[in-house]
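First up is the structure itself, then whatever we jot down about it.
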Amino acid sequence: MQLSHRITHLLGDGDDGWGVFYRARAMKAAGRDVVELTIGEHDIRTDPVILEAMHAAARAGHTGYASIPGIPALRDAVAARVQAQSGVPTTRANVQIMPGGQAALFAAHHATGDPGDSALYVEPAYVTYPGVLRALGLVPCPVAADPEDGFQPRAADLAAAVRAAHRPRSLLINSPNNPTGGVYDAATLDGIARVVRDHDLWLISDEVYDTQVWEGAHLSPRALPGMAERTLVIGSMSKSHAMTGSRVGWVVGPEAAVARLADLATHTTYGVPGFVQEAALFALAQGDALEVQVAAPFLRRRALALDLLARQNIVRVQPPQGAMYLMLDIRATGMTGEDFALALLETHGIAVMPGESFGAAAAGHLRVAMTVADEVFVGALARLLEFAAEQAARAA
Ligand code: PLP
């Protein structure tokens, strides 16, 4: 039987960008020692106090169908958090609880574009973005941000891409950024907001790394003039509270849009388990301390990495301003990110993501997730740098 074009072409014509990751997993399954610096998941697990709260909630009976927009107390807590961060008045009517940021991205694009419409996003981009758009029949329109600009998109490039697109409806941005570690500054966000307003687009602002900012400050574009009515913010407990497996996140946006998202949830996910929502509520009530604790290993490893990188001059790095990744520029080796990553995996058993997995804008780069114990991380990075020096010497 024939399947739909939307599902069979979800990955586009290429692969899904996870080739090195799958190869690393296959090598591990075959018994080889592999250091995985690939996926964006903490090496710690969800804090036991959150698990206790989840267990207690389940025992207390929160195991039936839960309120589909989200339990009121959690929507209130998310609204209060978003209002405190951004200064934008926010109530529970602006919040739809979702089973994770990924589902929130899907729902936000479902709500803002029809099949055949164009959806813009900034590259390098989180690997699932184009697939989300294709799954909805939207036309993915990447806009490259240059390494030389610290991977911050230029307003002029965005405006040109909007003008070139067929029925453009939305622009998706992500700050703090996966994979680049960039945090958009006020000038970049002003430029983005101007383009979005001038062209009457929705802005979908993926802010799932908002608690991992190492330099500068996290600014939400929803707070800019005229933006609250056209911005959908994607949030998640995954990165902030090491709750990746709990699948709980949200969309924050205008009331009318959020009401439609509840309709969509009624016909797709049917909500998020009540005991998971209660655990998220408990976790948010712990305040900043827990978030700082969850983020601390990445800040520590960032310092260790920058120290190692400063001792050589082959591999270049823009110090990540946020998130849990290093974006390394390996163009001095003369290799593509893909060839380098595959060779590093085969020869040293170290798995990193080729920049190309995140779009052409990151060609000649590697994304290194800082998600293993400090000593393992430092050892692997040191070997990566030695390998890069060997390749560069060979190329010279
Ligand atoms: N957005 C970005 C930029 C991400 O890196 C991820 C996960 O890695 C997600 C969204 C989805 O996160 P989740 O569905 O776990 O909330």
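Heavy atoms only: backbone and side chains are in, while hydrogens, waters and symmetry mates are out. Indexing begins at 1, ligand by ligand and atom by atom, following the structure's order.
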Answer yes or no for Thr244: is there a heavy-atom contact with ligand 1 below 4.0 Å?
no
Taking only Lys NZ, Arg NE, NH1 and NH2, and the carboxylate oxygens of Asp or Glu, determine whether Asp200 and Arg230 approach each other closer than 4.0 Å.
yes
Between Arg311 and Asp307 (salt bridge meaning N to carboxylate O under 4.0 Å), is one present in this structure?
yes
For ligand 1 and Tyr129, I'd like to know whether there is a polar contact (N/O to N/O, distance under 3.5 Å).
no
Could you list which atoms of ligand 1 come closer than 4.0 Å to a heavy atom of Asn174?
3 (C)
So, Gln391 and Thr333: side-chain donor and acceptor under 3.5 Å apart, yes or no?
no
Less than 6.0 Å separating the ring centroids of His42 and Phe298?
yes
Heavy atom under 4.0 Å from ligand 1: found in Arg247's side chain, backbone, both, or neither?
side chain
N/O separation below 3.5 Å, Gln102 to ligand 1:
yes
Mind checking whether Gly40 has an N or O less than 3.5 Å away from an N or O of ligand 1?
no
Using distance alone, with no hydrogens and no angle criterion, decide if Thr90 and Arg222 have a side-chain donor and acceptor under 3.5 Å apart.
yes
Going by heavy atoms, is Met237 under 4.0 Å from ligand 1?
no
List ligand 1 atoms under 4.0 Å from Ser236, heavy atoms only on the residue side.
13 (P), 16 (O)
Would you mind listing which atoms of ligand 1 come within a distance below 4.0 Å of any non-hydrogen atom of Ser238?
13 (P), 15 (O), 16 (O)
Aromatic ring proximity His365/Phe151, centre distance under 6.0 Å
yes
Tyr126 vs Tyr129 aromatic rings, parallel, tilted or perpendicular, using cut-offs 30° and 60°?
perpendicular
Report the nearest protein non-hydrogen atom to atom 1 (N) of ligand 1: residue, atom name, distance rounded to 0.1 Å.
Asp206 OD2, 2.6 Å
Establish, from distance only, whether the side-chain atoms of Ser220 and Gln85 form a donor-acceptor pair under 3.5 Å.
no
Based purely on interatomic distance, does Tyr325 place a nitrogen or oxygen under 3.5 Å from a nitrogen or oxygen of ligand 1?
no
